[in-house]
Number of protein chains: 2
Amino acid sequence: MTLSNSEEQLMQLLWKQERAFMKDLVEAYPEPKPASTTVATLLKRMQDKKFVGYKQLGRSREYFPMVPQKDYFSKQFKGLIKNFFNNSPSQFASFFTEETNLSRKELEELKTLIDSEIKKK
Amino acid sequence: MTLSNSEEQLMQLLWKQERAFMKDLVEAYPEPKPASTTVATLLKRMQDKKFVGYKQLGRSREYFPMVPQKDYFSKQFKGLIKNFFNNSPSQFASFFTEETNLSRKELEELKTLIDSEIKKK
DNA sequence: TATCATCTTCTACATTTGTAGAATTAAAAT
DNA sequence: ATTTTAATTCTACAAATGTAGAAGATGATA
């Protein structure tokens with residue numbers, strides 16, 4: 001099960017807010033904001049897909065993500081890696097280092113990070 | 001303009017082959033292979049979207065990608081980074097190093113790679 | 001309490017996507 | 001020359017997606 005584009009956009013807003021009422025979500029959209037019924041429809045579809053849950057609070061519902069952003073990202077990312085780099089993260093890594101313009105400092109930091117990962121092994 | 005899922009799947013096949021006739025593309029699909037008319041439809045839509053071109057060779061057409069795989073990947077990837085890591089590649093990098101299970105050897109290689117990138121600066 | 005502000009659910013509808021049959025064409029093989 | 005193979009274009013249609021109005025429900029507020 002995947003999210004469609006507009007569902008994913010909404011999901012991003014929800015992840016950012018952690019938990020939110022419909023109104024907050026609608027407001028979080030950049031102009032032009034969608035009709036609230038549009039958001040309602042999306043939320044409902046996302047509930048069907050088990051991506052969103054809610055807690056009834058008096059009159060209305062407080063929505064929250066049922067899938068952590070990280071998990072979702074991982075899945076997306078693995079998909080990309082699989083298609084474009086033949087399932088080889090290290091192959092991707094070299095692409096990344098070469099193509100992304102990281103500053104010297106960022107590269108240094110990354111190196112440090114890698115070192116600490118190596119130590120963990 | 002983006003590719004839909006099934007279009008992207010076909011695009012992957014085309015990238016792999018570099019240039020191909022319809023038949024080759026259909027054959028490259030895993031079972032169950034789609035009807036060739038399905039592929040034809042997709043190819044046509046992809047032409048409209050300027051993702052695919054072809055060269056008329058006698059009776060039929062040799063199709064080829066008009067968008068390099070790398071460019072396409074970059075765009076996708078940047079999109080992900082933007083949504084999930086607030087446009088910060090270095091933030092992504094740390095996620096990557098921690099979450100992807102690279103072996104010690106791969107990590108070492110990556111480090112070397114980063115070093116050579118640093119030298120370039 | 002009458003009115004407002006919100007929400008939610010239903011319904012609707014145009015587009016896009018996923019898939020493929022029918023018909024036509026033309027080159028290839030026998 | 002006839003049959004076969006591969007392609008191409010048209011048409012079709014169900015499912016998914018993007019958007020939103022209408023109507024009903026319920027707290028909040030004047």
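Sequence lines set the chain letters: A, B, ... in the order given, protein chains first and strands last, and positions in each chain run from 1.
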Legend entry - Distance, rounded to the nearest Å, where B/E7 contributes CD and C/dT17 contributes P: 6 Å
Inset, instruction - Classify the ring geometry between B/F95 and B/F92 as parallel (under 30°), tilted (30 to 60°) or perpendicular (over 60°). - result: tilted
Inset, instruction - Report yes if a donor N or O on one partner sits less than 3.5 Å from an acceptor N or O on the other, where the partners are the side chain of B/S36 and the base of C/dA20; otherwise report no. - result: no
Legend entry - Ring centre gap for B/F85 and B/F96 strictly below 6.0 Å: no
Legend entry - N/O donor-acceptor pair, side chain A/T41 with base D/dA20, under 3.5 angstrom: yes
Legend entry - A/S6 side-chain N/O to D/dT17 phosphate OP1/OP2 under 4.0 Å: no
Legend entry - Nucleotide C/dT8, atom P - distance to CG of A/L57 in whole Å: 11 Å
Inset, instruction - Mind checking A/Y63 for me? I need base, sugar-phosphate or nothing, with any heavy atom below 4.0 Å counting as a touch. - result: sugar-phosphate
Legend entry - Minimum heavy-atom distance between B/T2 and B/K49, given as atom pair plus value: O-NZ, 2.8 Å
Legend entry - B/Y72-B/E8 side chain donor-acceptor pair, cut-off 3.5 Å: yes
Legend entry - Spacing between B/E27 atom CD and D/dT5 atom P, to the nearest angstrom: 13 Å
Inset, instruction - Would you tell me if any nitrogen or oxygen in the side chain of A/K44 comes within less than 4.0 Å of OP1 or OP2 on C/dT9? - result: yes
Legend entry - Whole-Å gap separating C1' (D/dG18) and OH (A/Y29): 10 Å
Inset, instruction - Please state whether the phosphate of C/dT8, meaning OP1 or OP2, lies under 4.0 angstrom from any side-chain nitrogen or oxygen of A/R61. - result: yes
Legend entry - Which nucleotide in C/dA12, C/dA20, D/dA20 has an atom nearest any side-chain atom of B/P34: C/dA20
Inset, instruction - With heavy atoms under 4.0 Å as the rule, sort B/T38 into base, sugar-phosphate or nothing. - result: base
Inset, instruction - Let me know, please, whether B/K23 or B/R45 comes out on the 5' side of the other along DNA chain D by nearest nucleotide. - result: B/K23
Legend entry - Any donor-acceptor N/O pair under 3.5 Å between C/dG21 base and B/T37 side chain: yes
Inset, instruction - Identify whether any heavy atom of B/A40 sits under 4.0 Å from a base atom; if not, whether one sits that close to sugar-phosphate; answer base, sugar-phosphate or nothing. - result: base
Inset, instruction - Please report, rounded to the nearest Å, how far the P atom of C/dC7 is from the CD atom of A/Q47. - result: 14 Å
Legend entry - Inter-residue atom distance B/L80.CG - B/K82.NZ, 0.5 Å rounding: 12.0 Å
Legend entry - Distance in angstrom units between A/M46 CE and C/dT8 P, rounded: 14 Å
Legend entry - Length of the line joining B/D24:CG and D/dT5:C1', which is rounded to integer Å: 14 Å
Inset, instruction - Calculate the interatomic distance between B/M22 atom CE and D/dA7 atom P; express it in whole Å. - result: 5 Å
Legend entry - Phosphate OP1/OP2 of C/dT17: any B/K49 side-chain N/O under 4.0 Å: yes
